[in-house]
Amino acid sequence: MNEPANEIPKQYDPATAQEKWATFWDENQLFHSQPNPNKKPFCVVIPPPNVTGALHLGHALNNTLQDITVRMKRMQGFETLWIPGVDHAGIATQAVVERRLLEEEKLTRHDIGRNALVQRIWNWKEQYQTRIINQLKGMGCSCDWTRTRFTLDETCAKAVRYFFFNLFKQKLIYRGKRLVNWDTLLQTAVSDDEVFHETITGHFWYIKYPVIEPKPDEPKYVVVATTRPETMLGDTAVAVHPDPKTALNKVISDLKKRLAAAPEKEKYDLQKELDETENRLHNSNNSNNSNNSLLEHLQIEHLQILARMATEGRCVMLPLANKPIPLITDVWAKPEKGTGCVKITPAHDPNDYEVGKRQKLPIINILNKNGTLNENAGKYSGLTIKKARETIVADLEEQGLLVSVEERIIELAHSDRSKTPIEPFLNDQWFVKMDQLAQNAIDTVKNGEVKIIPERYKKGYIDWLSEKRDWPIGRQLWWGHRIPIWYCDGATEKEIEKAFAGRNDISWQWDSENNVWWICSQTEDLPENAVPNYKIVQDDDVLDTWFSSALWAHSTLGWPEQTPELNYYYPTGVLITNRDILTLWVARMVLAGKFNTGKKPFHEVFIHPKILDKYGEGMSKSKGNGVDPISVIAKFGADALRFALAYLTTENQDIRLTLDFECPYCGTIVEQTKKNRTQPKIICPKCGVSFRTQWAETESDKMLAEGPMIGERFEVARNFCNKLWNAARFVLLSLQEPQLNESGKHQNHTEVHTENHFLEDRWILSRLATVTKNVTESLETYRYADAMRFLYDFAWDEFCSFYVEMVKSRLADETQKTQAQAMLIFVLNTLLRLLHPVVPFVTEEIWQRLRLSCVGFTGGSFTGNDFISNDFTGNDFVKFAKSIAIAPWPVADESAINSEMENQFKVFQELLRAIRDVRASRNVPPKTEIAFSVRCDTPTATLLKPMEPYFLSMAKAKATGWGEAVKAPVLSSTVPLTGMDVYVDLSDLIDIAAEKAKLEKEIAKLDGFIKSKESKLNGDFVNKAPVTVVEKERQSLAELQEQRQSALDALTKLKNLKTVQ
RNA sequence: GGGCGAUUAGCUCAGUUGGUUAGAGCGUUUGGUUUACACCCAAAAGGUCGGCGGUUCGAGCCCGUCAUCGCCCACCA
């Protein structure tokens, strides 16, 4: 930190700065927060990452955005707390540990038992929590690490118990037999949200069910179609629509309507569908010769007969099981689908379950939890589903009951966790009644109490909650919060009352279906003998992970205790998260927050874009396309990572990142492909040496050098950080030079500059104030990309390319030096603070150096703002704060904003660019000084004349004349600009042909503009457009005509010149 | 089937309430080691704003429609 400024390296070294300042922040507890009545609170809770695995760039984005907001708020003077933590992620984490157990030790969880498995998951959790926290720290996240929480820790566990108990006591928790999505591999129920559908080629089997004692005019068989023949063993009815003809006609008319309105490309399919459906309605005489009984069964008359038979209470024989099951009528049987008859398997299909309930059918479960068939499957019991299916199909065929088999594309439900097919399975399950809870959460958003940004996500949130589907909260897992229910069999209510007399932390209910008591305990686990003479048993299951994460905003602050933290920080400020979990998590947080605390959990929700890979796919652990932010940091630095991500966070667009590997030995870029992205090591195609990736696990792979992930967006961001670094390096070097004290040394310069040397100062201060305003507004409304653009453009194009360049000559002038230095300090200091939330390390590194350089510096005075006050001295700056992280956020000095002056500066920039363009296009050697003159009005001349030294230093061009009387030198290049013509004297460097060509092109271009403007001004435009707009157009036209004239004059002159020569 | 988003330069993306000649980075071309920076500097070329229609004096922006792509939800015996 104390190295002399002239030893500042030319390149910013992120690794050193990161290490140094992370430690510094930590040691000084800058991010530790506690309730402070003198300040306003601002709190953010992290969306706790799953301990399943390490973070990827999606998390990096999420946490970068949070950190930007949090750091800004902290600088703005809020008592700011960002609570970190991780989520136990029940299913996912248990699954990953179980999978490894199986792979590495060939053991299942049943082999090692509940306690041993849970212990192993804890070990896993410790390992990954550490890794995750280190990743967050590596990114520079300014969390209060002393308050790190885990959804399964004691504080959270207590909150979960209280939440459950209160719901239970209010009878909002119930248990019922419900059809759940059963994962036969993990042997657990998974929620609808944890199911994905995969398109596979399956089969559609048409099976005959013999009619019992058919009358002569009746069919001998009912044909049903199924994709899952094995479930027939659980059939308890065959259904047909009560009025198939009417229903079919309705379908046909709907189809016709759709066909009429359908876009062209869908018409063919719809027409086909319509034809097929209509065929069912009419006797298809053309096919009556074939003996295909299937076609016959599709006819509507057939269905009508069956419907009649059903009302008569007739039965069919269930093949293989050989038992009669009723033929029933139910609207669920769609006459247009399948054969129009549908087998009803209430225990293994959600729709059939509903039918079964309606029709009071028996419910026969044929599955064991491990996915084999149970004793209800008769001779098929013990077989796996797959094997059973094969056997049953073979048996049916042998008995002549299989009509036909079709190939069919089906969407098969799979478990997101195990990737195995889901079986609908009847199971006992705990539910939370959602009715009122959901309504509260809807109202909270509808009435604007919680604001969702961007607003379009509101709809999804409200729609989802509006379904008010009860929330299944049990999971057949070992990793999680155990359900705090104990079953007591046989006791009387009196005995229970006696056992828990005087306890208000115990609540019980009678389960009339199973004839058992449910005893819920708010805090302590109940011993077996809690009810004398009876043995009570705790429920085996654990709670859904979302049940605990729903409490995150208040459980992390100590609820149910009324802690000072809860009273001070709650409701939290903003929740920044991903759209995927808007319903699963955000909605449930709102309802749980409202239920438990009576208050909303946060004021705002910001939904940020998703990180996609080069194929447009979201990053995920399972796909292997998740890139570890640490590997980006290793190559580009944390600041570059953060800046790049924030720069890409726009409102509508997901963030697509093309990343590739870089060979650590020869620097060759190895494209990341779907194949190599999951490999632990990759062989460089050029040098042939292997390097490791983030997936390296074996010791030998880990020994290899790592091939970093590179991407254009990160390079841009790294370059920006380096640009900032070098601008600061320039400032620091200029401060370090001995103060000039020999008077008279630069008197000439002083004279030249005196009149107007403040133009660029006033300009940069005006721009700085505007940028301060824009950045603050953007960040406060979560428009991160806008803020980054403002900062990037200002820092690079205005501060570096213009201000710093211009100030160079003043630094060489003793009489102006102090003022210039003070300006540099002021602008850089403000810029650093504006940038700090997004690039914390490089700004801290520079800021600390700047502070030291300012010791003893006494600057000139000028109108400043909040930080510097009217009488800025470097000493104040040094005293101010020990870290930029707690320095005050800049407040825009609105009085410094002067748009007229900014426009004047633009004239200077335009002129400078025109001269540089002439130089470049005429290949004027860089060292050759050229002369130029400008024909313009007097105010412009007055404005620009004092800038002469800058034309010299920035374009190596010497001004020879300004004003209306200026005439073009003979051999010159003329550039017509708005309101002025610049003549660059080229003498022997001139290429007359090229000049003429250029002017002709220019004239043609101007002619085009002029023509379009003239026609515009001759039309209705003049009458209908606002006066100001018309006036603007007129002025613009006049300017264009003026420019054209100038170009024409210059061209004529050149032509004459040629004839003379 | 329902909902949401996108389509702008070779690539990746900005583009505020409709208003002069549509911007940036990368890439390309030209010229540069100008004392902060080659992770740099100066400059150039490059676009019928997916198609069609409409509203308007005026449309990248508003409306309709078609096409293509992506995401979410629901359903599919």
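Below, chains carry the letters A, B, ... as their sequence lines are ordered, and counting in each starts from 1.
- Comparing the P positions of B:U28 and B:C37 gives a spacing of 24 Å, expressed to the nearest Å.
- Using Watson-Crick or G-U wobble geometry with both donor-acceptor distances under 3.5 Å, B:U34 finds no partner in any strand shown.
- A:Asp654 and A:Lys610 are not joined by a salt bridge, as no carboxylate oxygen comes within less than 4.0 angstrom of a charged side-chain nitrogen.
- Taking side-chain N and O atoms only, A:Lys610 has no distance below 4.0 Å to OP1 or OP2 of B:G70.
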Evaluation steps, side chain to side chain contact (heavy atoms under 4.5 Å, CB included), between A:Leu402 and A:Lys208:
CA-CA 6 Å; A:Leu402 192 64; A:Lys208 286 183 190 172; over 6 Å; no
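- Nucleotide B:G64 has B:C52 as its partner under the Watson-Crick or G-U criteria, with both atom distances under 3.5 Å.
- For the P atoms, the distance from B:A6 to B:C13 is 13 Å, rounded to whole Å.
- Of the residues near RNA chain B, A:Val1022 and A:Glu336, the one whose nearest nucleotide (by heavy atom distance) lies more toward the 5' end is A:Val1022.
- Spacing between atom NE2 of A:His608 and atom P of B:C71 amounts to 18 Å, rounded to whole angstrom units.
- Remark: the A:Tyr209 side chain and the A:Asp235 side chain contain an N/O donor-acceptor pair separated by less than 3.5 Å.
- A:Glu651 has no carboxylate O lying under 4.0 Å from a charged side-chain N of A:Arg783, or vice versa, which leaves the two without a salt bridge.
- As judged by a 4.0 angstrom heavy-atom cut-off over every strand, A:Leu1040 is placed among the base-contacting residues.
- Between B:G5 and B:G50, the distance separating the two C1' atoms is 16 Å to the nearest Å.
- Taking atom CD1 on A:Ile669 and atom P on B:G27, their separation rounds to 11 Å, with Å as the unit.
- Between the CG atom of A:Leu657 and the P atom of B:C26 there is a distance of 17 Å, given to the nearest Å.
- When the C1' atom of B:C57 is taken as reference, atom CG of A:Asn1018 falls 13 Å away, rounded to whole Å.
- For the pair A:Trp585 CH2 and B:C72 C1', the interatomic distance rounds to 19 Å; values are reported in whole Å.
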Its contact letters, B for base, S for sugar-phosphate only and - for none at protein heavy atoms under 4.0 Å, make nucleotides 7-19 of chain B read -----BSS----B
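- The residue A:Ser1036 sits close to a base: some heavy atom pair falls under 4.0 Å.
- Across all strands shown, B:G70 forms a Watson-Crick or G-U wobble pair with B:C4, both key distances being under 3.5 Å.
- Going from the C1' atom of B:C71 to that of B:G54 covers 30 Å, rounded to whole Å.
- If you check the side chains of A:Glu805 and A:Tyr950, you find no donor sitting under 3.5 Å from an acceptor.
- A side-chain N or O of A:Asp330 and one of A:Gln359 form a donor-acceptor pair less than 3.5 Å apart.
- Ion pairing between a basic and an acidic side chain is recognised when a charged N comes within 4.0 Å of a carboxylate O; A:Glu929 and A:Lys958 show no such pairing.
- Rounded to an integer number of Å, the gap from A:Lys458 NZ to B:G3 P is 19 Å.
- Nearest-nucleotide positions on RNA chain B place A:Gln1043 closer to the 5' end than the other of A:Gln1043 and A:Cys341.
- Base pairing analysis places B:G25 opposite B:C11; the two distances defining the Watson-Crick or G-U wobble pair are each below 3.5 Å.
- Using a 4.0 Å heavy-atom distance criterion, A:Ala239 is classed as making no nucleic acid contact.
- Summarising the geometry, the separation between CG on A:Asp349 and C1' on B:C75 is reported as 12 Å, rounded to the nearest angstrom.
- Separation of the C1' atoms belonging to B:A43 and B:U7 is 32 Å when rounded to the nearest angstrom.
- We find that A:Arg1034 and A:Glu1039 are not joined by a salt bridge, their nearest charged nitrogen and carboxylate oxygen being 4.0 Å or further apart.
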Tabulated below should be each protein N or O lying under 3.5 Å from an N or O of nucleotides 35-44 of chain B; please produce it.
{"unit_1": "B:A36", "atom_1": "OP1", "unit_2": "A:Lys808", "atom_2": "NZ", "d": "3.0"}
{"unit_1": "B:A36", "atom_1": "O3'", "unit_2": "A:Arg729", "atom_2": "NH1", "d": "3.1"}
{"unit_1": "B:A36", "atom_1": "O2'", "unit_2": "A:Asn726", "atom_2": "OD1", "d": "2.8"}
{"unit_1": "B:A36", "atom_1": "O2'", "unit_2": "A:Arg729", "atom_2": "NH1", "d": "2.9"}
{"unit_1": "B:A36", "atom_1": "N7", "unit_2": "A:Lys808", "atom_2": "NZ", "d": "3.3"}
{"unit_1": "B:A36", "atom_1": "N6", "unit_2": "A:Cys800", "atom_2": "O", "d": "3.3"}
{"unit_1": "B:A36", "atom_1": "N6", "unit_2": "A:Glu805", "atom_2": "OE2", "d": "3.0"}
{"unit_1": "B:A36", "atom_1": "N3", "unit_2": "A:Asn726", "atom_2": "O", "d": "3.0"}
{"unit_1": "B:A36", "atom_1": "N3", "unit_2": "A:Ala727", "atom_2": "N", "d": "3.3"}
{"unit_1": "B:C37", "atom_1": "OP1", "unit_2": "A:Lys10", "atom_2": "NZ", "d": "2.7"}
{"unit_1": "B:C37", "atom_1": "O4'", "unit_2": "A:Asn726", "atom_2": "OD1", "d": "2.8"}
{"unit_1": "B:C37", "atom_1": "O4'", "unit_2": "A:Asn726", "atom_2": "ND2", "d": "3.4"}
{"unit_1": "B:C37", "atom_1": "O2'", "unit_2": "A:Asn726", "atom_2": "ND2", "d": "3.4"}
{"unit_1": "B:C37", "atom_1": "O2", "unit_2": "A:Lys723", "atom_2": "NZ", "d": "3.0"}
{"unit_1": "B:C37", "atom_1": "N3", "unit_2": "A:Lys723", "atom_2": "NZ", "d": "2.8"}
{"unit_1": "B:C39", "atom_1": "O4'", "unit_2": "A:Asn719", "atom_2": "OD1", "d": "3.1"}
{"unit_1": "B:C39", "atom_1": "O2'", "unit_2": "A:Asn722", "atom_2": "ND2", "d": "2.8"}
{"unit_1": "B:C39", "atom_1": "O2", "unit_2": "A:Arg718", "atom_2": "NE", "d": "3.0"}
{"unit_1": "B:C39", "atom_1": "O2", "unit_2": "A:Asn719", "atom_2": "OD1", "d": "3.3"}
{"unit_1": "B:C39", "atom_1": "N4", "unit_2": "A:Gln11", "atom_2": "OE1", "d": "2.1"}
{"unit_1": "B:C39", "atom_1": "N4", "unit_2": "A:Gln11", "atom_2": "NE2", "d": "3.4"}
{"unit_1": "B:C40", "atom_1": "O3'", "unit_2": "A:Lys723", "atom_2": "NZ", "d": "3.2"}
{"unit_1": "B:C41", "atom_1": "OP1", "unit_2": "A:Lys723", "atom_2": "NZ", "d": "2.8"}
{"unit_1": "B:C41", "atom_1": "OP1", "unit_2": "A:Trp796", "atom_2": "NE1", "d": "2.6"}
{"unit_1": "B:A44", "atom_1": "OP1", "unit_2": "A:Arg913", "atom_2": "NH1", "d": "3.4"}

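- A salt bridge is defined here as a Lys NZ or Arg NE, NH1 or NH2 lying under 4.0 Å from an Asp or Glu carboxylate O, and A:Lys334 with A:Glu336 fails to meet this definition.
- Annotation: B:A42 and B:C49 have their C1' atoms spaced 30 Å apart (nearest Å).
- For the P atoms, the distance from B:G25 to B:C63 is 32 Å, rounded to whole Å.
- Across the protein-nucleic acid pair, A:Glu1014 atom CD and B:U20 atom P stand 19 Å apart, rounded to whole Å.
- Taking the C1' atoms as reference points, B:A59 lies 12 Å from B:A22, given to the whole Å.
- By the 4.0 Å N-to-carboxylate-O rule, A:Glu845 lies close enough to A:Arg849 to be salt-bridged with it.
- Using a 4.0 Å heavy-atom criterion, one finds that A:Lys927 contacts no nucleic acid atom at all.
- With no hydrogens or angles considered, no side-chain donor-acceptor pair links A:Asn726 and A:Tyr12 at under 3.5 Å.
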